[in-house]
Amino acid sequence: VQFAGASKRTSHFLRLSWSTEPSLVYNILTTHWGLPAPNLVVSVVGGNSRTQIKTWVREILRQGLVKASQSTGAWILTTGLRERLGRCVGQAVRDHAAAASSVSLNKVVALGIAPWGVVEKREQLVNPQGSFPVRYYVQNISRESCSLDNNYQAFLLVDDGSVGRRGGEMGFRARLEEYISHQRTGIWGSGSIDIPVVCMLISGDADMLKRMDLSLKNSIPWLVLAGSGGLADFLSDVLENLSSAPAVPVAERFKKHFPSEIQTDKLVEQVSNRGLIMVYHGEHESPNDFDTVLLKTLASPYSDELKLAVTWNRVDIAKSELFNSDIQWKYEDLEDSMTDALINDKPQFVRLFAENGLNIVDYLNYGRLESLYRSVPDGTLLYQLLQHCLEERLGNMIHKECETNPKTYSCAYCSIHLFPQVSGVLKHLMGDACQPFYYKALGSKYHQQRCPHPWASLFLWAVLQNRSEMALFFWEMAGEAVLSALGGCKILRELSKREDETETKLSMKELAQKFENLAHDIFSSCYRSDENRSFSLLIRKSHFWGHSTCLQMGVSADARLFFSNDGVQSLLSQIWWGDMKRNTEIWKLLLAFFCPILFTCLSVFIIFDIGVPQRPTQSPFIVSRWRQFWFAPVTSFLGNVLMYFLFLLLFAYVLLVDFKPPPPSGPAATECVLYFWVFTLVCEEIRQTLFLGTTWTQSFRLYIQDVWNKCDLTAISLFIVGLICRMFHRSHEFGRDVLCLDYMVFTLRLIHIFAIHKQLGPKLIIVGNMMKDVFFFLFFLGVWILAYGVANQALIYTYDPNPNRIFLRVFYMPYLHIFGYGSSIEEEMDGKSVCSGEEPCKNQESNWLVVILLVVYLLVTNILLINLVIAMFSYTFSEVQEHSDTYWKFQRYNLIVEYHSRPSLAPPFIILSHIKVFIKRIIHKVPSVKIHHFGQYWIRSLSSQ
């Protein structure tokens, strides 16, 4: 219905029979009309046609009732008509909406329930042809009348067949209140209590005793506003003097307040049910405490008051009224309220319960954690991921079952364990950063098993739902602050890639950045406090996070800010140099590398730090020094770089000088050495793949993720193809061409060594980002080349049967025009051409159009597109250069880890290390020393103090 001339906002209305089922109406209100499910229903009844509503009563409605409804998420029920109490409540809702923000405006729901036969101008609501919306117009809306009030969100117009008789809606209204009082609060009824319903009596006639009788039989509490007149004053008078006065004066008091009414003893006796009636002296109390009054009216035990406070999300009331040191709370009293606060995202209550007696170890078992995951609302990203994992596990049968009842998880998850789905979601998000969560079977009685890491499990649950405040609280309580923050950062960034909603995606990225900042700041404090213990924090494996370390999680989360921390870089430098001095110059390393005779004096006076205590060893001094020198990643890096240069020189010599014909004339000895050298490179790539993961699939997936590994795989594949082809006379030249192309790939692989350099390292990232810009530029350039080339060819030559010439003139010649090559404007203007049998004659009639197209084409390509790509390159350079130090420190970790895990010898001598590794690892099953090499640094440092 649209109120003509009164408001632009529309309201809903429903004409129904007095015998309509309340469940159908409630479903229409919440599902079809989209009204939020109430946390409280306040049914305002009363009013007296003989007296006016007092000023302080209006203030109670405006400052008390409407504000309490906004803060608790309540529905207000009245007649919805522009008279008496309905008009006052409508004005209070209007005044609150004018002063409140648009966010809080949607939380105040005013619902009118009135008899159809009393509504003025009701014929405007009936249209045989149909009308949407209905235009409802009432003249002179300033006076009281029985017309609909435009300040209400919805109207239920009860038709009992009568016209002009009041009270026809009374029975339906009482049944609707009873039905709502048996519904659960929270998301899809996940709250700990039923929706509380209270009737508020203001003034009222004697006939209101019948209405009161219906509600009291349904155990609906009443709040009587004393001093408002009529029946409210009579009830307050009787209830306050019930214990001291005999039963006879009750009838006399009834006659005193209603001298013209006929007494009915049965109705008067209803006031003796004192437990469901509370008197409120609003004239002498502040209306700002009205929500507390409602709390006291609805609940008498402290546990019920707490459940109401949680439902209304009023932590201020809970702190002032319930957690003020007067009540000793037990675990059983807080358990249900804690579940309600978790499911309905009320982190302040979760913090309050944790601080006031709730032991999270006793609370969180696997069964309750599983129920928390079952309560995830549908439509969220986590719900979709869980459902996807369930479909992968059980097939599409579950998907069809869920379509029949999309509101709940019960159709798909009621009879199966949910932890395999949760583990699958976390595996998709975390990747290979850690081992799977909740992967092991929990047994048949896992529901009662305590969760070994309750706060960390709740932290995961909150992060997966992007609940910022709750995730931060659980992070504070979980322990392992740095690793947990990096883990949350990893999960949120992966979720943001899968989220479609822009606002939700942005909030995930912001929360992920907040966790990365927290990890950076906390580790900085640890590093300033104790350097050695901060190093152990970085390499310590966490049992909860799948035996992952802070360094591994940081790389997986792309936490570049965290890796720029001075403490992280200090540990990486210590690992990179090993036991050698960090300021050792390269020429000293080269001297020790090529002159082993001088190594003895160099190791004592130049390379190694004498002041640092060494690990105890049974080997002789010079042998231990030699091992420490070759164990250092910097030595392995230097040796690989030098030998790679020799490999490129040998490859170039074979291609340019010593490339023999196919067998039996070739290949030459140098070429055979080259083949063996590449074979050792293949062995090293195989070793890297095998030692990356626990399974073949995981190992290959981790291997192929690295860009430089893809480059190695491409180079080796081309070399094998070229090697096979050059062995046969037919494909000898083709094999040589492939090997020449492969040499370019091997040479470009040399760029990888620049990653260790502080100035050149960020340039690699700049070049990589610029390659993306080049693809966009080539797309635009290709469009213009195609457009100009086809038009130019068609205008100059009417017909050309040779496809090679067509391709040359359509694509190659326009490309050369960009650089000033190809035909000039004079040649285009010259219509004279020698016709031959091989090449067709030029068309002279469209030369002027050809010149115009050439001018436009050169203008766009040489000026517009070229400057566009320059601008794109400049933007990319400035973006990376601004954070060049952060980028370099992050990629430096990958290089250090790579050469830390490599054998000490470089190809081709690395084959000796491979044979040694095969014998020790495969045959003798000896574990690797370098696996624990990270920990040896800080263990040595702690033991030396």
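Quick caveat, the model's predicted, so the values are computed rather than measured. Numbering starts at 1 and runs along the sequence shown.
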Residue pairs meeting side chain to side chain donor-acceptor pair (under 3.5 Å), one or both in residues 869-883, sequence neighbours left out, come to Asp773-Thr876

Val850 vs Leu854 side-chain heavy atoms within contact, under 4.5 Å: no

Please list all pairs meeting side chain to side chain donor-acceptor pair (under 3.5 Å) that have one or both residues in residues 735-755, counting only residues at least two apart or in different chains. Trp708-His752, Asp712-Arg749, His752-Glu898

Walk me through it: do Ile911 and Phe679 pass the test side chain to side chain contact (heavy atoms under 4.5 Å, CB included)? CA-CA 9 Å; Ile911 192 65; Phe679 171 74; 4.2 Å; yes

What are the two closest heavy atoms between Pro633 and Ile575, and how far apart are they? CD-O, 3.0 Å

Can you name the closest pair of heavy atoms from Leu655 and Cys740 and give their distance? CD1-CA, 4.1 Å

Measure the shortest side-chain to side-chain distance between Met553 and Cys489 over non-hydrogen atoms and say whether it is less than 4.5 angstrom. no

From Ile896 atom CD1 to His900 atom NE2, the distance as rounded to the nearest 0.5 Å: 10.0 Å

For this output row, return yes or no: ring centroids of Tyr815 and Phe811 closer than 6.0 angstrom. no

Shortest non-hydrogen contact from Pro908 toward Met643: CD-CE, 3.8 Å

Could you pull out every donor-acceptor pair under 3.5 Å between side chains of residues 727-734 and any protein atom, sequence neighbours left out?
unit_1: Ser731; atom_1: OG; unit_2: Cys725; atom_2: O; d: 2.7
unit_1: His732; atom_1: NE2; unit_2: Lys660; atom_2: O; d: 3.4

Of all the heavy-atom pairs spanning Ile704 and Lys710, show the shortest one and how long it is. O-CE, 2.7 Å

Indicate yes or no: at least one non-hydrogen side-chain atom of Ile766 is less than 4.5 angstrom from one of Met770. yes

Evaluate the side-chain proximity of Glu684 to Arg902: yes if any heavy-atom separation is below 4.5 Å, no if none is. yes

Polar side-chain atom of Gln569 near backbone of Phe563 as donor-acceptor pair, under 3.5 Å: yes

Apply side chain to side chain contact (heavy atoms under 4.5 Å, CB included) to the pair Ile910 and Cys683, showing each step before the final yes or no. CA-CA 9 Å; Ile910 199 174; Cys683 294; over 6 Å; no

Assess whether side chain to side chain contact (heavy atoms under 4.5 Å, CB included) is satisfied between Tyr857 and His817, documenting all intermediate values. CA-CA 9 Å; Tyr857 170 74; His817 286 167; 4.0 Å; yes

Straight-line distance of Thr635 OG1 to Leu905 CG, nearest 0.5 Å: 11.5 Å

I'd like to check Tyr893 versus Val897 (side-chain heavy atoms, cut-off strictly below 4.5 Å). Are they in contact? yes

Restricting to salt bridge (Lys or Arg N to Asp or Glu O under 4.0 Å), what partner residues turn up for Lys427, sequence neighbours left out? none

Around atom CZ of Phe909, are there more than 12 heavy atoms of other residues, nucleotides or ligands at under 6.0 Å? no

Is the ring centre of Tyr887 less than 6.0 Å from the ring centre of Phe890? no

Side chain to side chain contact (heavy atoms under 4.5 Å, CB included) evaluation trace for Leu865 with Val860: CA-CA 6 Å; Leu865 293 182; Val860 172; 4.3 Å; yes

Can you confirm whether Ile818 sits close enough to Leu781 that some side-chain heavy atom of one is under 4.5 Å from a side-chain heavy atom of the other? yes

Those residues that, when tested against Phe777, pass ring-ring contact (aromatic ring centres under 6.0 Å, His included) (two or more places apart): none

Hey, does Leu538 have a side-chain heavy atom less than 4.5 Å from the side chain of Thr549? no

Does the side chain of Thr689 come within less than 4.5 Å of Asn709's, by heavy atoms? no

is_close_aromatic(Phe651, Trp677), centroid dist under 6.0 Å: no

Mind telling me whether Phe647 and Tyr644 have parallel, tilted or perpendicular rings, with 30° and 60° as the class edges? tilted

Kindly compute the distance separating CZ (Arg726) from CZ (Phe719), expressed to the nearest 0.5 Å. 9.5 Å

Atom CZ of Phe873: over 12 foreign heavy atoms under 6.0 Å: yes

Which atom names give the shortest non-hydrogen contact between Leu486 and Ala559, and what distance separates them? CD2-CB, 3.9 Å

Are any side-chain N or O atoms of Tyr788 and backbone N or O atoms of Pro814, one a donor and one an acceptor, separated by less than 3.5 Å? no

Do you know which two heavy atoms are closest between Glu685 and Ile716, and how far apart they sit? CG-CD1, 3.8 Å

Taking atom CD of Gln891 and atom CG of Leu764, what is their separation to the nearest 0.5 Å? 6.0 Å

State the OH-CG distance between Tyr653 and Leu646, to the nearest 0.5 angstrom. 15.0 Å

Heavy-atom count around Phe819 CZ within 6.0 Å, excluding the residue itself: above 12? yes

Identify, with sequence neighbours excluded, every residue that meets side chain to side chain donor-acceptor pair (under 3.5 Å) alongside Ser556. Lys490

Would you give the length of the straight line joining atom CD1 of Ile753 to atom CG of Asn640, rounded to the nearest 0.5 angstrom? 11.0 Å

